[in-house]
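For reference, the structure is listed below as structure tokens.
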2 protein chains.
Amino acid sequence: MKKHGTEEKLLEATLRLISEKGYLGATTREIAQGAGVTELTLFRHFGSKERLFEEVLSRYTFLPKLKKLLPELEELPYDKALRILGIRFLETLKERKPLVKIMLSEVNLYPDKIRFVYNGFIDELIQTLGGYFKSLQKREVIRRFSPEIAARAFLGMIFSYFLSEEIMAGRNIDKKEMEKMIRKFTDIFIRGTLKIGLKKSTIDKLVGRRTKLIRERADV
Amino acid sequence: MKKHGTEEKLLEATLRLISEKGYLGATTREIAQGAGVTELTLFRHFGSKERLFEEVLSRYTFLPKLKKLLPELEELPYDKALRILGIRFLETLKERKPLVKIMLSEVNLYPDKIRFVYNGFIDELIQTLGGYFKSLQKREVIRRFSPEIAARAFLGMIFSYFLSEEIMAGRNIDKKEMEKMIRKFTDIFIRGTLKIGLKKSTIDKLVGRRTKLIRERADV
DNA sequence: TTTTATAGTAAGTAATTACTTACAATAATG
DNA sequence: CATTATTGTAAGTAATTACTTACTATAAAA
């Protein structure tokens with residue numbers, strides 16, 4: 001008479017198996033077996049495979065714990081704040097790896113359901129980080145640029161790294177490597193966003209552009 | 001008596017349907033129908049569904065046209081070179097969108113086959129871009145950092161943007177928006193990598209770090 | 001003790017799947 | 001014209017799928 005435990009086990013097994021074999025590849029029989037119950041029990045609790053899947057999506061969301069990190073960050077130096085945020089982000093991705101896998105492989109089959117989860121996650125993230133950038137711009141620590149685009153850039157570096165290593169290559173990013181990569185990413189990003197008195201001519205010279213010429217559009 | 005046309009049509013239908021519905025979701029009947037032939041014709045040509053899929057993977061690879069772009073880049077100013085490369089990269093992703101989708105959603109089902117395609121693509125890309133960075137480091141345009149990691153960072157920003165917009169949100173990135181985003185990404189990246197005489201104390205002050213204190217490790 | 005909620009056993013449903021077999025139609029090639 | 005390669009039609013295979021029905025077992029709650 002342990003209804004609660006049963007549903008939990010079913011949901012966990014579903015998350016695991018669908019993330020491994022995809023929605024169509026994970027059969028209800030397998031899922032039930034993985035949860036240690038009968039297939040019939042699965043249907044008695046969730047009615048259909050699709051409803052079970054929906055339950056998984058609504059239950060295992062990404063914790064928005066990054067949001068409440070924002071006030072703490074404001075008191076830290078810029079570089080350290082970014083590093084902490086980067087590491088937290090990467091840790092969250094690792095924790096929620098099965099969910100990330102599901103989102104990537106099931107967008108086509110269930111666009112609405114997946115996008116709902118994805119947007120809730122990404123929007124919040126970009127807003128949070130973008131807000132942090134805005135406050136730094138007011139304090140004249142970093143220069144003027146679109147905070148949202150910069151947030152995309154920063155998070156994008158990290159996510160692609162995660163995708164490449166953990167999802168595609170199937171490797172495990174350990175803590176040491178993680179910190180090393182985040183350090184290098186943030187290093188580039190910080191110098192790229194800092195408000196330093198850089199004369200345009202200095203950049204031009206370094207970059208190898210002939211300043212006198214009429215600037216042509218990037219006609220690629 | 002047009003064998004060639006038949007196989008081509010089958011391969012194209014396979015690429016399209018698997019990218020839309022996944023390997024398990026795309027049935028041989030549908031694929032045959034999509035190619036305008038009988039299901040039997042499909043099996044006569046490729047023997048099995050899996051072999052047909054393998055053929056698709058080996059045929060529609062990412063063109064390594066970025067590699068031969070390298071010599072041209074060396075003659076351009078740094079910022080323009082990066083922008084061109086970024087745009088080319090994004091264009092390639094858009095052209096090969098079905099293949100990207102397949103790679104993302106089928107890594108779990110066919111890890112080896114997918115990783116083969118993926119690695120061939122990503123390695124070449126990182127090597128190419130990394131090589132470009134190396135030469136710029138020799139010419140003292142940009143500062144010292146790991147060229148491969150920087151390449152990952154740059155490409156990662158763009159890929160995540162593509163993933164978010166085109167794959168997850170299902171939107172189409174038009175040329176105008178594409179150039180705008182690439183411009184902003186490269187802007188951050190270039191300032192982040194340029195070799196400018198930046199004193200550590202200047203950075204520290206801006207960043208808000210108290211330089212006198214003992215530097216603590218990023219104990220996150 | 002009786003009831004009730006939750007589980008299991010066992011058997012079976014209809015639909016769909018990848019794939020096959022036997023045979024006929026067609027059109028280019030020799 | 002005869003051959004040969006390619007496609008089609010039609011029917012069917014065995015396996016698997018999500019899901020159902022009828023009945024039993026068990027343990028907590030009443």
Side-chain angles (χ1 to χ4, degrees), chain A residues 1-59 98 102 105-106 108-114, chain B residues 1-59 98 102 105-106 108-114:
Chain A
M1 220 167 184
K2 32 181 178 168
K3 172 179 177 172
H4 218 65
T6 303
E7 295 199 347
E8 290 284 316
K9 279 190 287 180
L10 275 167
L11 289 167
E12 278 169 35
T14 307
L15 177 73
R16 202 191 80 239
L17 282 164
I18 290 190
S19 87
E20 285 170 8
K21 312 181 147 200
Y23 178 80
L24 294 173
T27 70
T28 49
R29 194 175 302 166
E30 271 178 319
I31 294 173
Q33 197 182 359
V37 296
T38 328
E39 201 180 353
L40 177 54
T41 303
L42 183 155
F43 285 103
R44 277 201 271 237
H45 279 274
F46 296 97
S48 73
K49 188 185 180 183
E50 191 169 345
R51 278 237 36 220
L52 172 60
F53 181 51
E54 287 172 8
E55 267 296 306
V56 167
L57 288 183
S58 68
R59 185 153 317 200
I102 289 178
S105 49
E106 245 60 57
N108 282 297
L109 284 181
Y110 298 94
D112 297 335
K113 294 170 193 170
I114 299 291
Chain B
M1 221 166 184
K2 28 175 181 170
K3 173 178 178 172
H4 219 66
T6 303
E7 296 199 347
E8 289 284 317
K9 279 189 287 180
L10 275 167
L11 288 168
E12 278 170 35
T14 307
L15 177 72
R16 202 190 79 238
L17 283 163
I18 291 189
S19 87
E20 285 170 9
K21 312 180 146 201
Y23 177 80
L24 294 173
T27 70
T28 50
R29 193 175 301 167
E30 271 178 319
I31 293 173
Q33 198 181 0
V37 295
T38 328
E39 201 180 353
L40 177 54
T41 302
L42 183 155
F43 284 103
R44 277 201 272 236
H45 278 276
F46 297 97
S48 73
K49 187 186 180 182
E50 191 169 345
R51 276 238 37 219
L52 172 61
F53 182 51
E54 287 172 7
E55 267 297 305
V56 167
L57 287 183
S58 67
R59 186 154 316 200
I102 289 178
S105 49
E106 245 63 53
N108 282 300
L109 284 180
Y110 298 93
D112 298 334
K113 295 171 192 169
I114 299 292

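Naming: A, B, ... by sequence-line order, numbering from 1 per chain.
One can place CZ of B:R29 at 15 Å from P of C:dT20, the figure rounded to the nearest angstrom. The separation between B:L52 atom CG and C:dC19 atom C1' is 13 Å, rounded to whole Å. Following rounding to the nearest Å, B:E30 (CD) and C:dA15 (P) show an atom-to-atom distance of 18 Å. What separates CD of A:Q33 from P of D:dT17 is a distance of 12 Å, to the nearest Å. Here C:dC23 presents its C1' atom at 11 Å from CZ of B:R44, a figure rounded to the nearest Å. Taking atom NZ of residue B:K49 and atom P of nucleotide C:dC19, one finds them 8 Å apart after rounding to whole Å. Here D:dA5 presents its P atom at 15 Å from CD of B:E7, a figure rounded to the nearest Å. Atom pair A:E39:CD and C:dT13:P shows a separation of 16 Å (rounding to whole Å applied).
Applying the ring pair (Phe, Tyr, Trp, His ring centres under 6.0 Å) criterion to B:Y23, with sequence neighbours excluded, gives B:F53, B:Y110. Residues satisfying the side-chain hydrogen bond (donor to acceptor under 3.5 Å, both in side chains) criterion with B:E50, sequence neighbours excluded, are B:K113. When the salt bridge (Lys or Arg N to Asp or Glu O under 4.0 Å) test is applied to A:E55, the partners found at least two apart in sequence or on another chain are A:R51, A:R59. Residues passing the side-chain hydrogen bond (donor to acceptor under 3.5 Å, both in side chains) test with A:K49: none are found, sequence neighbours excluded.
The residue among A:L40 and A:T28 whose nearest nucleotide of DNA chain D is located toward the 5' end is A:T28. Remark on DNA chain D: of its neighbouring residues A:G47 and B:V37, the 5'-side contact belongs to B:V37, judged by nearest-heavy-atom nucleotide.
Close to D:dG8, at under 4.0 Å from its OP1 or OP2, lies a side-chain N or O of B:T41.
Proximity note for B:F43 (side chain, C-beta onward) versus D:dA18, C:dA18, D:dT7: the nearest is C:dA18. Here the nucleotide nearest the side chain of B:H45, chosen from C:dC19, D:dT7, D:dT17, is D:dT7.
Taken residue by residue, residues 13-27 of chain B places heavy atoms nearer than 4.0 Å to DNA chain C at B:A26, B:T27.
In this structure, B:T38 reaches the bases: a heavy-atom distance under 4.0 Å links it to at least one base atom across the strands shown.
The CG atom of B:L109 sits 12.0 Å away from atom CD1 of B:I102, with the distance rounded to the nearest 0.5 Å.
For the salt bridge (Lys or Arg N to Asp or Glu O under 4.0 Å) condition, the pairs that include at least one residue of residues 39-48 of chain A, sequence neighbours left out, are A:R29-A:E39.
Panel note: side chain B:T27, backbone B:E30; a donor-acceptor pair is recorded below 3.5 Å.
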